[in-house]
Enquirer: 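Quick one: the structure is below, and I'll ask about it shortly.
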Amino acid sequence: MKPSLFARIAFYLLFVLSSTRADEAIAFRPGQIWNDTSGKPINAHGGGILFRDGIYYWYGEFKEGRTYLAKVNKSWGGTRVIAGGVSCYSSTNLYDWKNEGLVLPSVADDPDHDLACENVIERPKVIYNAKTKKFVMWLHQDSPDYSAAHSGVAVSDSPTGPFKYLGSFRPNAGVWPINVTAKDQNHDANNILARDFQGGQMARDMTLFVDDDGKAYQFYASEENPTMHVSLLTDDYLQPAGKYTRILIGRSTEAPAVFKRNGKYYLIASGCSGWDPNPARTAVADNIFGPWTELGNPCRGTNADLTFFCQSTYVLPVTGQTNQFIAMFDRWNKWDLQDSRYVWLPLEFDTDGKPMVPWRDQWSLPASK
Ligand code: DGJ
C-alpha cells in the first residue's frame with residue numbers, strides 16, 4: 001500500500017527536523033550564540049571545565065543585566081555588569097549543555113559580603129580533590145574598582161553544588177617566592193612584591209592546574225598585574241602551600257590557561273587591555289615553577305593578531321582522545337557583557353611542538369591533525 005501524501009509530508013518533515021537537530025548537536029560554532037539544552041544562551045563566562053565520572057562540568061561567571069560604566073577614583077574605569085555568581089552546566093559530549101544553575105550565587109542583600117553583586121566575581125575554576133573527595137572552587141574576588149585583588153575559595157561535596165564559600169585573601173602573605181632576589185626584597189616605593197609581603201600578594205586573573213601527581217597550582221596575575229605567580233596549593237587544595245614563584249616578570253600577562261603535553265607545561269594567556277582583545281601569547285616550561293619560555297601568539301588565520309577578538313580562559317584536554325585539546329576563549333562584548341560569546345577552537349602543535357590555534361567557523365571532535 002502506498003503511503004498517503006500526508007504521511008509522506010510528515011515523514012519528510014520528521015527527517016529534515018531530526019537531521020537538522022543531529023547536525024546542530026555535533027559542531028562547535030565559535031562566536032555564535034550557544035544555547036543550553038533548554039534553548040537559553042549559555043551564561044558561563046571566563047570559565048573552566050571539570051571532568052568527573054564521565055560528565056563534563058562547565059563553570060563560569062553568570063553575567064546578567066545592564067552593562068554600565070563604572071567610576072573608579074572619580075574617572076571612568078571600564079564597563080561592568082552586576083556579579084551574578086558562578087553558574088554550572090553539565091554535558092556528556094561537550095556540545096549539549098544542561099543548565100545546573102548557580103552553584104555559588106552572588107549576595108544581593110549585604111554590600112559588605114565578598115560575593116556582593118556590586119563586587120567582582122571572575123574566572124572561577126573547580127578541581128576535584130581525591131583525598132578529601134571535595135570539589136574545590138577558586139575564583140577572582142574583587143572590590144568594584146579591582147583594588148582588593150583577592151582569591152576566593154569555595155567547597156562542595158557535589159560538582160553541581162551548592163558550594164560553601166570559605167572566604168577570600170591575598171595569597172602567600174609573609175612568604176617570599178622561591179626565585180626572589182635581594183633587589184625584590186627591597187622595600188622601595190616601586191616594589192610591589194615587597195609592599196605586599198606582609199598582607200599577601202595581589203591576585204586577579206587566575207586559573208588552577210592539577211598535575212599528574214595530584215599536586216595543584218594556582219596561576220594568578222599579581223603585583224598590580226605585570227607579573228604572574230605560580231603557587232602550589234595545600235594537599236586539600238584550600239590554601240596556598242607557601243611555595244610560589246614569579247614568572248613572565250613585567251610582561252603583564254592575564255587570562256592564564258594551563259595544560260600539560262608530553263611532560264611539558266604550557267600556558268596560553270593574553271596581555272592586559274581590559275575587555276579589549278590583544279595578541280594571545282604562549283609559554284612553555286619543563287618545570288611548573290619555571291623557567292618559562294615565551295613562544296608567541298598561537299593563533300592562525302584572519303584576526304589572529306587580536307586573538308580573533310577573544311581572550312583565553314581554559315584549555316581542555318579531551319578525555320579519551322589522545323592529543324586532543326580544546327582552547328576556550330571569551331569574546332567579550334564590553335557594551336553588553338551578558339552577550340559575550342564563547343570561542344572554542346582546536347589546539348594543535350607544529351612540528352617544533354609549538355601550540356597553534358587555527359580559526360574554524362565550525363568544527364567537531366576529533367579535530368583534523
Ligand atoms: C581583563 C580580565 O582578563 C577579565 O577577566 C576582566 O577582569 C577584565 N579585564 C575587566 O576589564
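For ligands, and for the atoms within them, numbers begin at 1 and follow the listed sequence. Position 1 is the first residue of the sequence, and the numbers go up from there.
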Enquirer: May I ask you to check whether Glu122 has an N/O atom sitting below 3.5 Å from an N/O atom of ligand 1?
Expert: yes
Enquirer: Counting heavy atoms only, name the option from Gly77, Gly274, Ala221 that's nearest to atom 11 (O) of ligand 1.
Expert: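 Shortest heavy-atom distance from atom 11 (O) of ligand 1: Gly274.
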Enquirer: Is Glu348 paired with Arg300 through a side-chain N to carboxylate O contact shorter than 4.0 Å?
Expert: no
Enquirer: Which bit of His140 gets closer than 4.0 Å to ligand 1, counting heavy atoms only: side chain, backbone, both or neither?
Expert: neither
Enquirer: Going by distance only, is there an N or O of Glu61 that falls short of 3.5 Å from an N or O of ligand 1?
Expert: no
Enquirer: Do the side chains of Lys264 and Asp286 get close enough for a salt bridge, i.e. N-O under 4.0 angstrom?
Expert: yes
Enquirer: Ligand 1 versus Arg123, non-hydrogen atoms closer than 4.0 Å: side chain, backbone, both, neither?
Expert: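 The side chain, only.
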Enquirer: Any carboxylate oxygen within less than 4.0 angstrom of a Lys/Arg side-chain nitrogen, looking at Lys98 and Asp36?
Expert: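 Looking at Asp36 together with Lys98, the answer is no, because their closest N to O distance does not fall below 4.0 Å.
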Enquirer: Can we say Asp236 and Lys131 salt-bridge, meaning some charged N sits less than 4.0 Å from an Asp/Glu carboxylate O?
Expert: no
Enquirer: Which residue supplies the protein heavy atom nearest to atom 3 (O) of ligand 1, what is that atom called, and how far is it?
Expert: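 It is Asp205 OD2, 2.4 Å.
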Enquirer: I want to know whether Phe325 and Phe259 have ring centres closer than 6.0 Å.
Expert: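 Yes: the rings meet the under 6.0 Å criterion.
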